[in-house]
Amino acid sequence: MSGPAANCPSCGAPVKFLWSSAVQTTCEFCHSILVRTDVDLKKVGEVADLPADASPIQIGTEGVYQNKSFVVVGRIIYEYELGAWNEWHLIFNDGSSGWLSDAQLEYDLSWASKPPTPLPTGDFLHQGQTFQWNSKTFQVTSRTHAHYKGVQGELPFEYWDKSDVLFADLRTTSADFATIDYSENTPLLFIGRAVEFEDLHLKNLREFEGWT
Amino acid sequence: MAAVQAKSISCPNCGGPVQLRGFAHTLSVVCPQCLSVLDASTPEVQILQKFQGKTQVKPTIPLGTRGKIGDTQYEIVGFQVRQVDTGNDSYSWDEYLLFNPYQGFRYLTEYNGHWNFVQVQTALPEKLRARGKPAMRFGGATYLAFDSMEASTAYVLGEFPWKVQRGESVVCGDFVAPPAMLSSEATRGEITWSRAEYMTGAQVWQAFKLPGSPPPAYGIFANQPSPYGASVASSWSTWVWLNVALAALVFLFMNLAPGRTAFSDHYAYSQGATSLRSDNAFVTPAFQLDGRDSNVELSIHTDLDNNWAYFNFALINDKTGQAFDFAREVSYYHDSDGSEGSRNNSVIIPSVPSGQYYLRVEPEMDRGSPFMRYELELRRNVPNYGFFGLAALLLLIPPAFTTFRRGSFEAARWRESDYAPSTSSSGDDD
């Protein structure tokens, strides 16, 4: 799983990759945001200090979902009017990549999916609107304007210096979950499931003072 | 990696220390000293709301108490009093916020000694109608609409992962499938669904290892499980099994203790030509009745056809002359519409001592019916099936009673609902 090592172009510290297909990572030491090119790493920016967060998940947390093991290799932090949430980037043992969102300890797993029909633009997406995906009816339950607050670790694409972005969450009558991400010109669709903490069989979690 | 530290801040209003139990999840916290609501989302703590009220509320379960529900340990980190004021009616309930740093947030609500453990749901319920009421289908169960109300936050203590404000109100709706309840809360055009499970005060006291005893529960709560719900089904299945056992017992008696035939013979009756008291009266030969005092059954089998006969009997002890007098009528009529009566009849004489007996028989018939064949059979110690009938009737009492009690319980539950049945006959059923 461990990809080639390189050195941070900013501070010279070794940068190790957990995932060989990572497009972007951050330097643990100087917090530079590094993007991979054909030959080396290029510094594209710097992460401000990450906000204090109390997610029990961290880079290196391992878990199992539906008999596939995964490891957490990166994350994007979003902030909105009512708080913040983490999108943890997961690499499964078959090399595929997925996302675990942790919004105040409510967990959703999702995977990038190709929408069968083009998605509406943000202005034309309203609460209660429904879509048929994977022969299930997904209903828009929230529209959230969030801004990028920080990144950490390895990501499958370049993601930095973003401004306010619209997210729409969708749910079904079973525990299905989908999110439409308007951070690119073409909206991105992620489809997955709402999960309970114990469904993920997580190891290497953070510890909390006073809790065992 | 070092454990995430719990932090504490100082209140910008009174300067007192404010401890945070929910780590960075806490976005607002109430100063325990001056009761100001503080914004804890930024390092520069802002005052969101100063305390204006007069009365302070002390939660039944103190903040910081930990307890185990299911397999998860939770700490009570927040407390709200939520109030409903409909104009002519006002009531409130307590709502505790529970926190586990891995599992997240749950709620524990209390109203009049009735408790509910609540978890926010992400799956959407499906609208439908059931039993004449609006309902929601969720997770394989059907929840019936119970009531809806506007609830406002009347009092807050502790910390919350959102910016709490006194006076904030939301529109709530409750749907029940005891012991579960599905509730909606609408704010900012978004609906949050949560699912509650009923807990007794005793269960809460045990979960949080609280001293003393829980406050008593008054009335019947919307999703309180009926104490008769499960017992109705089980009492009827018990009833079925007891009847099977009873039938087996009857079968056993019929085969093992059919009674011993002490005497039997065939006779013919013919109308005496002259007098009313004809020669048809006779006595049988003597026969022996053995054993302890027990019953004797005399059966009469006739060939009557659209006719009747009347039998006077005396069972007479040969030695002492003690006589048991009794009589039976046999009548059997039939036409194209059906039949009435029977060709047979029997009589049981209880507690006949053992000894040598004979039977005096005096049959009577209408004058116009000259002839009848009949058989008399006298059996000692026959099982009394009447007791079995009585037993079957008595067995019916417990299931019928629990069924009635469940009906009364459900009626009382739904009286509190927005969907209470319109009562034409009021309140005379208890």
Side-chain angles (χ1 to χ4, degrees), chain A residues 49-61 79-86 101-108 126-128 130 136-144 169-177 192-200 202 204-212, chain B residues 1-8 19-28 39-43 64 66 70-75 97-106 119-128 136-140 160-164 186-194:
Chain A
D49 280 346
L50 296 178
D53 90 299
S55 174
I57 298 163
Q58 59 189 345
I59 307 276
T61 293
E79 200 174 54
Y80 72 119
E81 184 190 6
L82 301 174
W85 82 92
N86 288 301
S101 106
D102 162 17
Q104 282 167 348
L105 308 178
E106 281 175 21
Y107 304 101
D108 292 299
H126 59 85
Q127 190 100 355
T130 58
K136 281 176 175 151
T137 305
F138 285 79
Q139 187 181 331
V140 177
T141 54
S142 73
R143 289 171 90 254
T144 305
D169 279 357
L170 301 96
R171 306 280 176 182
T172 68
T173 53
S174 30
D176 303 281
F177 164 78
R193 303 277 298 169
V195 286
E196 293 286 330
F197 179 79
E198 58 267 18
D199 296 341
L200 300 170
L202 298 172
N204 191 19
L205 291 161
R206 287 168 92 193
E207 286 175 5
F208 294 87
E209 188 186 6
W211 292 85
T212 48
Chain B
M1 206 176 205
V4 181
Q5 302 294 305
K7 65 172 181 172
S8 87
Q19 192 201 342
L20 298 185
R21 299 182 169 95
F23 304 97
H25 295 295
T26 297
L27 296 187
S28 62
D39 180 347
S41 65
T42 57
R66 286 192 187 184
D71 289 330
T72 305
Q73 197 183 36
Y74 294 100
E75 182 167 332
L97 178 65
L98 309 183
F99 171 69
N100 173 287
Y102 302 96
Q103 302 279 347
F105 293 92
R106 305 286 186 274
Q119 182 173 5
V120 170
Q121 302 294 317
T122 49
L124 299 170
E126 215 173 325
K127 256 187 213 173
L128 48 92
M136 290 287 171
R137 185 87 187 148
F138 185 78
F160 299 87
W162 67 89
K163 286 179 187 161
V164 77
T187 40
R188 298 160 170 261
E190 276 188 30
I191 294 176
T192 305
W193 289 95
S194 60

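Order of the sequence lines sets the chain letters (A, B, ...), proteins ahead of strands, with each chain counted from 1. FYI, side chains are in, hydrogens and waters are out, and symmetry mates aren't considered; it's all heavy atoms of this structure.
For the residue pair E198(A)/Q103(B), the side-chain donor-acceptor check at 3.5 Å is satisfied.
There is no contact between Q121(B) and chain A, counting heavy-atom distances below 4.5 Å. Using a 4.5 Å cut-off between heavy atoms, R137(B) makes no contact with chain A at all. Neither the backbone nor the side chain of D71(B) comes within less than 4.5 Å of any heavy atom in chain A. Both the backbone and the side chain of T122(B) come within contact range of chain A, each with at least one heavy atom under 4.5 Å from a heavy atom of that chain.
M136(B) and P125(B) get closest at one heavy-atom pair: SD-CB, 3.9 Å.
Among T72(B), N100(B), V120(B), the residue with the largest count of heavy-atom pairs under 4.5 Å with chain A is N100(B). Ranked by heavy-atom pairs shorter than 4.5 Å toward chain A, the options K7(B), Q73(B), K163(B) are led by Q73(B). Per-residue heavy-atom pair counts under 4.5 Å with chain A were compared for P101(B), G139(B), A24(B), and the maximum is reached by P101(B). Between chain B and the residues G210(A), A84(A), G83(A), A194(A), the largest count of heavy-atom pairs under 4.5 Å involves G210(A).
Remark: the backbone N or O of T173(A) is not paired with any side-chain donor or acceptor of Q139(A) at under 3.5 angstrom. Not one N or O on the side chain of D169(A) forms a donor-acceptor pair closer than 3.5 Å with the backbone of T141(A). Remark: the backbone N or O of F160(B) is not paired with any side-chain donor or acceptor of T26(B) at under 3.5 angstrom. Here the side chain of E209(A) pairs a donor or acceptor atom with the backbone of A6(B) at under 3.5 angstrom.
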